Amino acid sequence: MAEAIQKKLQSELEKYQQLQKDVNKSMSARQKLEAQLTENNIVKEELGLLDSQNTVYKLIGPVLVKQDLDEAKATVSKRLDYINGEIQRYETLLKEMERKSEQHREVLSSLQQEYQRAQGQAVGKA
């Protein structure tokens, strides 16, 4: 009986560890999005300081291409909306992963207790 519980415990532990890896990946991706958000907010502020007389260039590959100021502002605004949406998606995903993680911890705890009781019974019979 103890061996079956140990196998189940090992399986749950592997699932829990994989979930923790996924949480770490999602946290890393969210941090990158936060950095992009900050960078794009700075660009938006800088574009706000310009008037129609200023020239704006966009880097496309190795080439700087002239871009209309309003078009540049619209592009940055769209990018900010997208990044904010992705951050919200990752926050929801991380909350769900945390909920699953808590469930795995509870299952692992109960399996450990069950395993210890089974070992105690096996020692008592021996």
Side-chain angles (χ1 to χ4, degrees):
M1 182 175 162
E3 285 182 28
I5 295 171
Q6 186 178 12
K7 285 181 182 177
K8 190 172 182 181
L9 183 64
Q10 185 66 34
S11 172
E12 282 297 320
L13 184 60
E14 288 170 4
K15 288 178 190 175
Y16 179 74
Q17 288 171 338
Q18 182 59 47
L19 184 61
Q20 290 304 309
K21 286 179 185 176
D22 292 345
V23 166
N24 288 336
K25 285 180 187 176
S26 294
M27 289 287 283
S28 177
R30 188 183 180 287
Q31 287 173 339
K32 287 178 184 176
L33 286 169
E34 288 286 346
Q36 288 177 353
L37 182 67
T38 302
E39 182 180 318
N40 279 278
N41 276 324
I42 291 169
V43 170
K44 184 178 180 180
E45 287 175 21
E46 291 294 320
L47 288 175
L49 299 174
L50 303 177
D51 59 24
S52 60
Q53 302 299 317
N54 297 107
T55 306
V56 177
Y57 294 94
K58 179 178 184 177
L59 185 64
I60 300 178
V63 180
L64 284 174
V65 178
K66 199 173 200 177
Q67 187 178 30
D68 180 56
L69 179 61
D70 292 331
E71 184 182 335
K73 287 180 179 179
T75 301
V76 171
S77 290
K78 287 178 191 173
R79 198 176 306 132
L80 284 169
D81 290 342
Y82 173 77
I83 292 170
N84 280 318
E86 285 296 295
I87 288 173
Q88 290 297 322
R89 188 176 70 82
Y90 272 103
E91 284 177 359
T92 303
L93 183 66
L94 285 166
K95 284 178 186 174
E96 179 64 22
M97 286 179 170
E98 187 59 40
R99 187 186 62 76
K100 286 181 181 180
S101 181
E102 184 60 36
Q103 289 175 340
H104 277 292
R105 280 195 291 269
E106 290 172 8
V107 169
L108 283 170
S109 177
S110 66
L111 282 172
Q112 283 177 328
Q113 291 171 358
E114 194 177 328
Y115 179 68
Q116 288 171 348
R117 280 195 299 271
Q119 278 189 322
Q121 289 173 356
V123 169
K125 290 180 182 177

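The model shown is predicted, which means the values in this text are computed figures rather than measured ones.
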Please step through side-chain contact (heavy atoms from CB on, under 4.5 Å) for the pair Q20 and Q17, ending with a clear verdict.
CA-CA 5 Å; Q20 290 304 309; Q17 288 171 338; 5.6 Å; no

Does the side-chain contact (heavy atoms from CB on, under 4.5 Å) test come out yes or no for S110 and E106, once each step is laid out?
CA-CA 6 Å; S110 66; E106 290 172 8; over 6 Å; no

Working note: R79 + T75, criterion side-chain contact (heavy atoms from CB on, under 4.5 Å); need CA distance, chi angles, decisive distance, verdict.
CA-CA 6 Å; R79 198 176 306 132; T75 301; 3.4 Å; yes

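In summary, E12 and K15 engage in a salt bridge, as defined by a charged side-chain N under 4.0 Å from a carboxylate O. A salt bridge is defined here as a Lys NZ or Arg NE, NH1 or NH2 lying under 4.0 Å from an Asp or Glu carboxylate O, and R117 with E114 fails to meet this definition.
In this structure, NZ on K32 lies 13.5 Å from CE on M27, to the nearest 0.5 angstrom. Interatomic distance, L93 CG to K95 NZ, rounded to the nearest 0.5 Å: 11.5 Å. The CG atom of L94 sits 11.5 Å away from atom CD1 of I87, with the distance rounded to the nearest 0.5 Å. Atom OH of Y16 sits about 13.5 Å away from atom NZ of K21, to the nearest 0.5 Å. To the nearest 0.5 Å, atoms CG (L69) and CD (Q53) are separated by 10.5 Å. From K73, atom NZ reaches atom CG of L50 across 7.0 Å, with rounding to the nearest 0.5 Å.
Minimum interatomic distance between I5 and A118 (heavy atoms only, all atoms of both residues): CD1-CB, 3.9 Å. Of all non-hydrogen atoms in A72 and Q67, the two that sit nearest each other are CB-OE1, 3.6 Å. Between L19 and M97 the shortest heavy-atom distance is CD2-O, 3.8 Å.
Residues S101 and R105 have side chains that bring a donor and an acceptor to within less than 3.5 angstrom of each other. For the 3.5 Å distance criterion, the side chains of Q18 and D22 qualify, holding a donor opposite an acceptor. No hydrogens or angles considered: nothing links the side chains of E86 and Y90 as a donor-acceptor pair under 3.5 Å.
Proximity of E14 to Q10: side-chain heavy atoms (C-beta onward) are separated by under 4.5 Å at one or more points.
N84 pairs by the side chain to side chain contact (heavy atoms under 4.5 Å, CB included) definition with L37, not counting sequence neighbours.
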May I have the list of side-chain donor-acceptor pairs in residues 57-66 shorter than 3.5 Å, sequence neighbours left out?
none

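No chain of hydrophobic side-chain contacts below 4.5 Å, direct or via other Ile, Leu, Val, Met, Phe, Trp or Tyr residues, connects V76 to I42. Residues L13 and V23 do not share a hydrophobic cluster, defined by chaining ILVMFWY side chains whose heavy atoms lie under 4.5 Å apart.
Residue-environment remark: CD (E3) stays at or below the threshold of 12 foreign heavy atoms within 6.0 Å.
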